[in-house]
Amino acid sequence: MQSGIADSVKTAGGELLYVDERKFKDTKINGQVLKEWPLYTEIFEADKIINIPIAKHHGLSNLTMAMKNWMGVMGGLRKQIHQKLDESLVDLSLVIKPTLTILDAVRILVNNGPSGGDVKDVRTLNTVIAGVDQVAVDSFGATLFGMKGSDLGCVKIADKYGLGTMDLSKLNIKKIKI
Amino acid sequence: MQNLRRITQGIFLLIFLFLFIQTESKGADELGYPVKIFLDFNPLILITTLFSSHAVQKAFYFSVIIILITLLFGRVFCGWACPLGALLGLLSKYSILSRSVSEGCTSCGICDTVCQGGANPDLKENWRDTECLYCFNCDDICPQNAVSFGFHSSVSPLTNGGIKEGPQKTAMGLGRRQVIISMLSGVTAVPLIRTSPFSKPEIHNPELIRPPGSLEEKDFLKRCVKCGECMKVCITNGLQPALFDSGLEVIWSPLLIPKIGYCEYRCTLCGQVCPTGAIKRLSLEEKKKVKIGLAVIDKNKCLPYAHATPCIVCEEVCPTSKKAIWFENNKVKNRKGKEFTIKQPRVDAELCIGCGICEAKCPVGDSPAIYVTSIGESRSKENQLLLGYS
């Protein structure tokens with residue numbers, strides 16, 4: 001509520017739900033690292049899922065954007081996935097197929113992320129990146145920080161397994177100014 | 001008159017239930033109205049504030065009025081205003097234990113002087129049975145032994161109940177000797193407890209992590225009345241009652257147990273509810289700078305050190321502006337002799353505020369590889385690690 005999200009959701013006519021511990025169910029993933037993990041059942045029951053991450057710096061993975069945001073639907077001992085973070089995030093994308101990914105890069109955190117950070121670490125870019133391929137969105141998002149998609153472990157591995165496209169030259173990118 | 005009393009009881013009960021429902025957390029840091037009414041009018045808070053900080057809140061005069069009315073007219077508050085009285089009154093209509101008065105009653109009225117519920121038991125059939133608290137004082141004191149309590153199906157004021165119990169007992173079994181002994185014990189107990197070596201200022205208990213805004217320990221113990229409000233309001237449930245952590249005097253005072261709940265960075269609730277100022281009220285900006293302890297890494301447990309496995313969840317969750325946990329890129333070898341670079345966490349003792357979120361989120365769940373001890377707490381001059389902070 002302190003962030004203002006609750007009020008915005010209400011104005012837009014939506015319903016704000018808080019995480020209910022009972023809605024985590026063991027889901028088969030059969031990935032490289034994660035075979036099975038408790039995931040939030042609502043994302044599989046919903047008609048469409050839209051991921052709206054904020055672009056931030058991260059100590060371990062360099063950046064946290066679309067692919068890392070799916071940690072939010074993981075239950076159980078999710079702090080353990082940092083031991084094999086990149087591979088775990090790719091495994092998640094095997095079963096979580098978002099309809100749309102909207103990367104909020106209006107203001108990005110370039111240091112001390114994802115939770116520390118000072119106003120000095122924020123850059124205002126007023127940019128929003130939307131796409132259906134979350135790997136591509138992350139790859140493009142990396143460029144906002146002066147990095148390449150291949151600098152992000154999870155993006156590189158996802159591209160290798162054909163779960164998305166990392167190569168920006170192969171993408172149809174439309175820039176719209178509002 | 002009877003109905004007027006029930007109406008006022010009902011009104012106060014409804015007000016209480018409304019305020020009770022309003023105490024639901026709305027997510028804001030500052031406690032607003034109407035919840036603050038409980039804090040503004042709480043007689044315990046008013047009295048403890050009077051004694052500890054010598055400040056009289058205006059609402060205290062309201063309590064004084066109630067006391068005066070009670071001295072003059074008896075238990076008016078219980079029967080006319082108290083929401084608990086109203087609730088009990090509703091339920092006692094269906095009580096299975098009932099009071100009956102035998103024919104031996106001489107209407108001497110002595111039961112009315114000891115009745116704790118203000119139920120006017122001397123009025124026999126017209127007594128206010130809904131106010132009966134079953135304290136049994138009337139039964140004890142009746143010189144004719146006319147009062148009895150039992151599981152009768154219907155209340156009959158003239159039933160011959162009560163077995164002869166022998167010589168009457170006095171209502172209060174407290175003699176002068178006992179009063180004097182209790183008073184002397186109370187006065188001497190506190191200095192005696194303070195002779196324990198744990199109460200000495202040089203001995204610092206590393207597990208005694210006090211809430212942010214707490215006064216220095218000696219002053220804290222003078223003010224903390226162990227009311228438990230801070231523990232009730234703590235949004236992560238991290239504040240828990242101390243037991244024998246530093247001698248007997250700390251029993252039921254609050255300390256932080258990060259494994260149960262960390263100290264939320266953007267929260268100042270404990271200082272807002274503390275009635276005596278043992279925990280100072282801090283603004284959000286002030287609170288972010290207060291240190292309550294220091295995080296320590298156990299390299300024997302920490303994954304990047306002991307098991308050559310990446311982690312640094314502690315760094316991820318550290319909330320300070322410039323993170324108090326940083327990492328070094330070091331070369332490690334695994335069992336097969338393969339060398340690789342791994343991020344190993346380090347704590348910056350100047351920046352760490354001891355909030356405990358690192359301990360709370362450390363994947364080594366049973367015995368966290370990073371944990372907080374009290375050293376470095378802002379409130380203490382002596383309990384310091386770094387030069388220049390004492």
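The chains referred to below are lettered A, B, ... by the order of the sequence lines, with proteins before strands, and numbering in each begins at 1.
- For CD1 of B/I260, the number of neighbouring non-hydrogen atoms (other residues, nucleotides, ligands) closer than 6.0 Å is greater than 12.
- Taking a 6.0 Å sphere around CD of B/E350, one finds it holds 12 or fewer heavy atoms contributed by other residues, nucleotides or ligands.
- Heavy atoms closer than 4.5 Å to chain A are found in the side chain of B/T309, but not in its backbone.
- Within 6.0 Å of CD on A/Q32 lie more than 12 heavy atoms contributed by other residues, nucleotides or ligands.
- When heavy atoms are compared at a cutoff of 4.5 Å, A/L60 approaches chain B by way of both its backbone and its side chain.
- Salt bridge status for B/E316 with A/K56: absent, with no side-chain N to carboxylate O gap under 4.0 Å.
- Around NZ of B/K288, the count of heavy atoms belonging to other residues, nucleotides or ligands within 6.0 Å exceeds 12.
- Atom-to-atom distance recorded for A/K120:NZ and B/S321:OG is 6.5 Å, nearest 0.5 angstrom.
- Within a 6.0 Å radius of NZ in A/K170, no more than 12 heavy atoms belonging to other residues, nucleotides or ligands are found.
- No more than 12 heavy atoms of other residues, nucleotides or ligands sit less than 6.0 Å from atom CZ of A/R107.
- Atom CG of B/L303 is separated from atom CD of A/Q83 by 5.0 Å, given to the nearest 0.5 angstrom.
- Between the NZ atom in A/K84 and the SG atom in B/C311 there is a gap of 13.5 Å [rounded to 0.5 Å].
- With a 4.5 Å cut-off on non-hydrogen atoms, A/N111 does not touch chain B at all.
- In this structure, chain A has a heavy atom under 4.5 Å from the side chain of B/K343, while its backbone stays farther away.
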